[in-house]
Amino acid sequence: MEPLDFNEEFYKMIDLMVSPDNYDRPKMMQQLFKVARMFRLTKVVSEFYRNPAMEARGEGEVLSDFDEGPADIKVLYRRYQLKNGVVLKASAFMAEGTEPLNEDEEKKLDLCIRSMLNLLSRNRMQAVIEMLGYQDRDGYPNFPAFFRYLEKMQSTCGFKGYTAILYNLRQFSLINRDLGHDMGDRILRVHFETIKAIIGDKGFVVRVGGDNFAAIFPNELLDKIIKAMEGVPVVYDKENDRRVMISACAGVFIIPPDFKYINQGSIVDMIYPSCQTAKLEKEGTIVYASKKSLAEKENMSRVRRHFEEALEKNYFHAFYQPKVDVKSGKIIGAEALCRWIYEGSVVPPMEFIPILEQNTDICRLDFYMLDRVCKDIRSWLDKGLNVVRVSVNLSRKHLLDVDLLEHLMRVIDKNKVPYKYIEIELTETTTEVELKKLRRLVEGLREVGISTAVDDFGVGYSSLNLIRELPWNVLKIDRSLLPGVGNDNKKMSNLMFGHIASMAKDMGLECITEGVETADQVEILKNNDCPYAQGFFYDRPLPVEEFEERLKKGGYDPVSS
Ligand code: C2E
Ligand code: MG
Ligand code: MG
């Protein structure tokens, strides 16, 4: 066998240690061993501590990189403390009676050890970063780890045949309360390990905080996992045979073959709402993310994506639904209702307004609508039409705007529209804070002569106090209170409707009923002193040109009793 060339082997070793992109641990260790023997060493030990305090407590990582004989004499010792507190140490040993290192060897060994520590710190720091970023305080893999796993799946096997779940352990706070936090933690851990064992290396499970977990795994494991989540006794103390029942509520998404993965959020967006729904149920429940929720989600991102462009290019239109005096058939007003003309079809507001209401986009739309309405009124006035008061819907999100009144007035003034032609529709509110703001607005509007209407009275949290305390002009009774809608008790609803209409009258409010569809219902309004109606019986919300025709005509034939 050729004798080994000391210099050649030594530099090969340094080279292996310092190549940043080419770290091959087994090869490097092999080389280290070779060189250590050439240095006549018997043992090399490296140590890594996150900080000096942990070093003092001996809490770190001690690696005997090389250990082939008695470690009698310490021939080299190095300790470094990095700026970030990390402590690195290394020692090299020889057996007694061995030829000591010469000067050149000493220098080389020093270089070798420092390179080794450098490498060690690099690798350990990476592991620490990993731990801090992808694990929670209790050492469970966390949401970022889940996201990273999803990204890896996307770029390797894809999601076909996989199921994702997000679940919450029911009433875990009770377990914590009754058995104590330590026991609670233990139970969580047992549960997690159970799920992890079922999934094995075929998927991934993480804790997303508290008693919430997310997982992804092949479809065929779903039954087993659901069994493990639903009402299964968890043994938390084997010795004393102590068990506790846990159950979960989960959002489950069986990923369809045509699923479009845009980013990691694509999957979470599917399971999150289902899990929220599941949480609302009383018993442990599994809610499947369905095609419907998938469609809803797609609609949501479509709305968000195209909103800006639609505003800019005037794809939102004001449609006008006449308000009619039931006795004379005359048009006494109109409500402006928003329509989005998207790729040639008309999108009703229920498909986009709730989405825009999730942030303040709705406010921009409402102002756009107000401006549109003012422009139309201005043009009707200029054409000499008999203009009626037009109501505009304002989302409650506007209540956050302290200068709302000024902002509204500015738009109306800009279009030179007299205030008497504008009415603002607002829905009721439940919170005290909102009520305060609502009062300020309604009072302000009344002061400048802009009408206000309580919209949808009778749905949600109707409060007579709210009606009485604020100076509204109009009460709009929701169609659900109209007798003859749905399977109601006719006599009862007739009675209720009558009372509400007369209460409105007594309070000096104009009263209008929405959703009037039949001549019978018009009759009911007449008989109950509700003077105005709005509904399909007269007209659906109309495009502006058609509404102009109605204005010219002035009204409808009165319903004869
Ligand atoms: P809303 O303000 O209560 O408007 C009345 C709704 O009842 C309108 O629905 C109208 O088309 C519908 N309707 C009218 N007559 C009848 C009828 O005889 N039968 C039935 N079944 N329905 C009738 P639309 O246009 O789909 O609007 C729904 C809701 O969307 C509105 O309820 C309003 O809350 C909101 N909305 C519409 N446009 C805007 C807007 O520009 N801004 C804001 N913030 N909300 C708007
Ligand atoms: Mg309305
Ligand atoms: Mg309404």
Side-chain angles (χ1 to χ4, degrees), residues 303 307 310-311 314-324 326 331 333-341 345-374 376 389-401 404 408 411 422-429 441 451-460 462 472-486 500 510-522 524-525 532-544 546-547 556:
V303 168
F307 175 67
L311 261 192
N314 301 320
Y315 293 160
F316 289 108
H317 292 252
F319 275 40
Y320 295 92
Q321 187 174 36
K323 295 176 183 171
V324 181
V326 287
I331 296 180
E335 175 172 11
L337 292 155
C338 184
R339 297 290 181 269
W340 185 341
I341 314 286
S345 46
V346 180
V347 187
M350 276 316 154
E351 283 180 30
F352 57 88
I353 287 194
I355 296 164
L356 300 178
E357 270 183 330
Q358 287 173 2
N359 52 37
T360 47
D361 280 344
I362 186 64
C363 300
R364 296 176 61 201
L365 178 69
D366 285 347
F367 271 104
Y368 174 90
M369 283 289 288
L370 177 65
D371 187 53
R372 191 62 258 156
V373 167
C374 288
D376 286 339
R389 194 166 76 201
V390 179
S391 61
V392 174
N393 291 282
L394 270 207
S395 161
R396 276 204 251 138
K397 282 272 154 140
H398 289 278
L399 295 179
L400 293 170
D401 177 0
L404 178 59
L408 294 171
V411 177
I422 301 290
E423 178 176 308
I424 301 291
E425 291 193 15
L426 291 151
T427 51
E428 297 159 82
T429 176
L441 176 67
S451 291
T452 51
V454 185
D455 201 358
D456 302 338
F457 181 75
V459 286
S462 303
W472 303 97
N473 300 89
V474 180
L475 183 74
K476 295 190 82 178
I477 301 180
D478 190 74
R479 71 186 285 267
S480 56
L481 289 185
L482 191 58
V485 173
I500 292 169
E510 276 177 37
C511 180
I512 180 165
T513 304
E514 303 182 85
V516 174
E517 292 180 351
T518 64
D520 282 352
Q521 290 172 339
V522 175
I524 295 171
L525 264 62
Y532 307 122
Q534 177 187 343
F536 296 167
F537 176 71
Y538 294 104
D539 262 316
R540 289 179 176 261
L542 304 166
V544 61
E546 277 182 56
F547 179 67
Y556 307 82

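Both ligands and their constituent atoms are indexed starting at 1 by order of listing.
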Any protein heavy atom sitting closer than 4.0 Å to atom 12 (C) of ligand 1? no
In Glu425, the N, O or S atom nearest to the Mg ion (ligand 2) is which? OE1
Do the ring planes of Phe352 and Phe316 sit parallel (below 30°), tilted (30 to 60°) or perpendicular (above 60°)? tilted
Part of Thr427 with heavy atoms under 4.0 Å of ligand 1, whether side chain, backbone, both or neither: neither
With a 4.0 Å cut-off on heavy atoms, is Glu335 in contact with ligand 1? yes
Among all protein non-hydrogen atoms, which one is nearest to atom 29 (C) of ligand 1, and what is the separation to 0.1 Å? Met350 CE, 3.4 Å
Contact region, Leu365 to ligand 1, non-hydrogen atoms below 4.0 Å, reads neither
Counting heavy atoms under 4.0 Å, the part of Arg540 that contacts ligand 1 is neither
With a 4.0 Å cut-off on heavy atoms, is Pro348 in contact with ligand 1? no
Taking non-hydrogen atoms only, is Asp455 closer than 4.0 angstrom to ligand 1 via side chain, backbone, both or neither? side chain
For Lys323, is there an ion pair with Glu510 - N to carboxylate O distance below 4.0 angstrom? no
Touching ligand 1 at all, Glu357? Heavy atoms, strictly under 4.0 Å? no
